[in-house]
Engineer: 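The structure that follows is given in the form of structure tokens.
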Amino acid sequence: MPTEYVKKLAKEHGMSIEEAEDKWKEAMKLAKEEENVDDYFAYVTAIFKSLMGEPKGHATKKQ
């Protein structure tokens, strides 16, 4: 089940929730390959945002 954040970015980027969830899973896989990560989920989120094409330092839109 995708998180609200994944759903929100999917909507903002005009893609299906399934596509966004696949990108989240890919981000998790990439993050696991990195050994020295202090905050795993923050790192996953950063990778996910990059895969979604979010500009660095961009906060999501409030709705």
Side-chain angles (χ1 to χ4, degrees):
M1 172 178 254
T3 66
E4 290 302 314
Y5 185 67
V6 172
K7 291 177 187 177
K8 182 177 183 177
L9 284 187
K11 183 177 179 180
E12 285 181 12
H13 289 273
M15 68 173 50
S16 71
I17 293 171
E18 291 79 17
E19 288 175 297
E21 192 170 37
D22 286 344
K23 289 186 184 289
W24 178 262
K25 289 175 185 176
E26 182 179 350
M28 288 177 52
K29 179 183 170 209
L30 291 169
K32 284 182 182 178
E33 294 173 2
E34 193 65 39
E35 293 180 14
N36 297 320
V37 175
D38 291 330
D39 187 342
Y40 174 75
F41 282 104
Y43 192 58
V44 171
T45 301
I47 294 170
F48 174 67
K49 287 172 69 173
S50 177
L51 292 173
M52 292 294 288
E54 287 286 298
K56 290 189 184 226
H58 177 263
T60 57
K61 301 173 198 166
K62 290 186 178 183
Q63 293 186 16

Engineer: How long is the span from the CD atom in Glu21 to the OG1 atom in Thr3, to the nearest 0.5 Å?
Structural biologist: 8.5 Å

Engineer: Locate the shortest heavy-atom distance separating Ser16 from Ala10; write the atom from each residue and the value.
Structural biologist: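 The answer is O-CB, 3.9 Å.
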
Engineer: Can you check whether Ile47 reaches Val44 side chain to side chain, under 4.5 Å on heavy atoms?
Structural biologist: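 Ile47 vs Val44: side chains apart.
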
Engineer: Give, for atom NZ of Lys8 and atom NZ of Lys11, the distance between the pair rounded to the nearest 0.5 Å.
Structural biologist: 10.0 Å

Engineer: I'd like to know if Glu4 pairs up with Lys7 as an ion pair, taking the criterion as any Lys NZ or Arg NE/NH1/NH2 lying under 4.0 Å from an Asp or Glu carboxylate oxygen.
Structural biologist: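 Here Glu4 pairs with Lys7 in a salt bridge, since their nearest N and O are under 4.0 Å apart.
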
Engineer: Kindly indicate whether the side chain of Tyr40, heavy atoms from C-beta on, has any atom under 4.5 Å from the side chain of Met28.
Structural biologist: yes

Engineer: Testing Lys23, Glu54, Glu26 for side-chain contact (heavy atoms from CB on, under 4.5 Å) with Phe48, which one passes?
Structural biologist: Lys23

Engineer: Rounded to the nearest 0.5 Å, what separation is found between the OH atom of Tyr43 and the CG atom of Leu30?
Structural biologist: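 Rounded to the nearest 0.5 Å, the OH-CG separation comes to 8.0 Å.
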
Engineer: Quick one, Trp24 and Thr45 - any side-chain contact, counting heavy atoms below 4.5 Å?
Structural biologist: yes

Engineer: Please say yes or no: joined through hydrophobic side-chain contacts below 4.5 Å, possibly via intermediate residues, are Leu51 and Ile17 part of one cluster?
Structural biologist: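 Each belongs to a different hydrophobic cluster.
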
Engineer: Would you say the side chain of Glu19 lies within less than 4.5 Å of the side chain of His13, judging by non-hydrogen atoms?
Structural biologist: no

